[in-house]
2 protein chains.
Amino acid sequence: MTATKRVRLSPEARRAQLIELGVELLATRRLDELSVELIAQSAGISRGLLFHYFSSKQEFHTEVARAAAAEMIRRTEPDTSRPPVEALRGALSAFIDYVEENPDNYKSLVRGAASADLEMRAIFDNTRATMAQRVIDVIAQLGFELSDRADLAVHGWVAYVEECVIRWIDSRRFDREQLLEMLTKSLPAVALSASDDEVGTLVSILTDQKPIEQ
Amino acid sequence: MTATKRVRLSPEARRAQLIELGVELLATRRLDELSVELIAQSAGISRGLLFHYFSSKQEFHTEVARAAAAEMIRRTEPDTSRPPVEALRGALSAFIDYVEENPDNYKSLVRGAASADLEMRAIFDNTRATMAQRVIDVIAQLGFELSDRADLAVHGWVAYVEECVIRWIDSRRFDREQLLEMLTKSLPAVALSASDDEVGTLVSILTDQKPIEQ
DNA sequence: TCAGTCATTGAACGTGGGTCAATAGATAGT
DNA sequence: ACTATCTATTGACCCACGTTCAATGACTGA
């Protein structure tokens with residue numbers, strides 16, 4: 001449409017533009033639907049130019065996914081200056097916000113790209129690991145040492161949260177506050193169901209009391 | 001290689017053969033790596049014939065995924081003649097077995113195909129819903145009514161189990177029995193963290209006592 | 001104004017999905 | 001056994017799309 005003459009940009013600017021454009025297009029299409037043709041047309045460049053900045057469509061896709069994941073991680077960063085439980089609650093709240101604002105974008109990522117190559121999988125593993133690590137840090141501040149089982153449980157819990165939020169958005173059978181409440185409570189429940197701790201410790205967490213000091 | 005003459009099969013037999021072949025090939029390749037060329041070569045037929053039985057490669061892929069999912073569902077069917085908790089434990093055990101025996105096959109499915117079209121997503125939603133429904137039935141037998149939140153929690157729990165088993169297989173930092181134990185315990189923990197029930201009820205579950213009769 | 005650098009283009013190629021008219025393996029009727 | 005009919009099967013063809021590359025032209029410094 002816009003048949004302007006050649007527009008010459010610096011490599012950094014062009015590359016950044018293409019990645020950002022890819023992330024934006026994720027709002028309406030799945031990652032695997034981002035064809036070279038579509039990108040080029042949207043950016044007003046020729047198909048060939050894409051390969052001047054990315055060695056293949058696959059690499060372009062991973063860069064787009066990396067940028068989108070980084071954006072999500074940034075948006076949901078917990079406020080470590082606040083008490084651990086509040087920080088966790090705040091991060092979960094931010095996560096719900098993020099998914100609510102970019103539902104398609106997020107689904108395109110989590111459900112749409114998990115397939116691809118090893119590098120793509122690494123991006124998602126890292127993203128989940130980052131989210132899990134934040135939680136583990138919070139738990140550590142609460143005075144708990146995580147066993148291997150509890151560590152695995154935390155990673156599983158991240159998947160639990162993702163699934164719950166996505167499904168909740170599709171149905172919305174109760175309000176946001178209740179979702180936030182159940183997600184926050186589910187973490188200590190899961191983490192402790194995976195440990196040998198006495199039931200009393202679990203209860204102290206769920207009832208929001210201070211953990212028993214060692 | 002096997003340059004035999006034309007082999008003429010009945011439509012049902014040929015179609016079944018192709019789907020079964022597709023499922024077998026999933027053990028070594030991701031779903032999106034099942035090219036028409038590969039299928040045809042493996043089956044000893046021409047590429048064109050595939051389109052006599054499936055309207056598109058996409059439809060073929062969904063049929064393969066459907067068959068693989070059905071196989072998994074069948075393999076993990078709970079024994080309803082046993083007490084609810086034992087049935088749950090048995091189903092989880094069977095699920096671990098299944099993933100252990102077909103790790104690549106399973107990963108190809110869960111992580112590799114979630115992307116695709118709406119129909120493909122429906123298959124996975126149905127599979128998870130089936131697994132969740134079984135659990136919900138077990139809980140109902142225990143005398144509990146599930147709230148909307150608890151229902152969502154069960155669906156999320158299925159994702160939790162999938163993630164835990166897949167990650168456990170890759171690292172195996174503790175033995176199978178411990179995994180089974182933590183997964184079994186995690187369900188009541190999660191379901192109840194999503195409900196308004198008193199902590200006492202949760203404790204009664206976790207300590208394996210009878211639920212308090214209403 | 002000129003030369004040189006390099007972002008950019010557009011034509012061309014290869015691969016793989018999808019179509020279709022022609023072919024041949026089975027079966028039934030004689 | 002022979003022939004006719006049916007249809008599973010083929011192979012050539014088309015096209016969309018990722019990818020390559022030599023040619024082009026927009027900028028910079030001299």
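Just so you know, these numbers come straight off a predicted model, no measurement behind them. Letters A, B, ... are given to chains in the order of the sequence lines, protein chains preceding strands, and every chain is numbered from 1.
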> Looking for any heavy atom pair under 4.0 Å, which part of the strands does B/Ser46 touch: base, sugar-phosphate only, or nothing?
Replying inline: base
> Between B/Gly48 and A/Leu49, which has a closest nucleotide on DNA chain D that is more 5'?
Replying inline: B/Gly48
>> Please confirm whether the shortest side-chain N or O distance from A/Tyr53 to OP1 or OP2 of C/dA7 is below 4.0 Å.
In response: no
>> I'd like to know if B/Arg8 reaches the base of D/dT9 with its side chain such that a donor and an acceptor end up less than 3.5 angstrom apart.
In response: no
> When the distance from NE2 of B/His52 to C1' of C/dG17 is rounded to whole Å, what number comes out?
Replying inline: 18 Å
> For B/Phe60 and C/dG18, what is the distance between atoms CZ and C1' respectively, to the nearest whole Å?
Replying inline: 15 Å
> Would a 4.5 Å heavy-atom cut-off, applied to side chains only, mark B/Val190 and B/Val154 as touching?
Replying inline: no
> Atom CG of B/Leu50 to atom P of C/dT19: distance rounded to whole Å?
Replying inline: 11 Å
> When the distance from CG of A/Leu9 to P of C/dT8 is rounded to whole Å, what number comes out?
Replying inline: 5 Å
>> So for A/Arg6 and D/dT24, does any side-chain atom that can act as donor or acceptor lie under 3.5 Å from a complementary atom in the base?
In response: yes
> Is A/Ser56 touching bases, backbone alone, or none of the nucleic acid, heavy atoms closer than 4.0 Å?
Replying inline: sugar-phosphate
> Which whole-number value in Å describes the distance from B/Phe51 CZ to D/dC13 C1'?
Replying inline: 14 Å
> What integer distance in Å separates B/Glu37:CD from C/dG18:P?
Replying inline: 14 Å
> B/Phe54 has an atom CZ; how far is it from atom C1' of C/dG17, in whole Å?
Replying inline: 15 Å
> Is there a donor-acceptor pair under 3.5 Å between the side chain of B/Arg134 and the backbone N or O of B/Ala91?
Replying inline: no
> Whole Å only: how far is the CZ atom of B/Arg47 from the P atom of D/dG11?
Replying inline: 10 Å
>> I need the minimum non-hydrogen distance between B/Ile123 and B/Ala69, along with the two atoms involved.
In response: CG2-CB, 4.2 Å
> Can we say A/Lys57 and A/Glu33 salt-bridge, meaning some charged N sits less than 4.0 Å from an Asp/Glu carboxylate O?
Replying inline: no
>> Counting only side-chain nitrogens and oxygens, does A/Arg14 get under 4.0 Å of the OP1 or OP2 atom of C/dA7?
In response: no
> Is the shortest side-chain N to carboxylate O distance from B/Arg176 to B/Asp97 below 4.0 Å?
Replying inline: yes
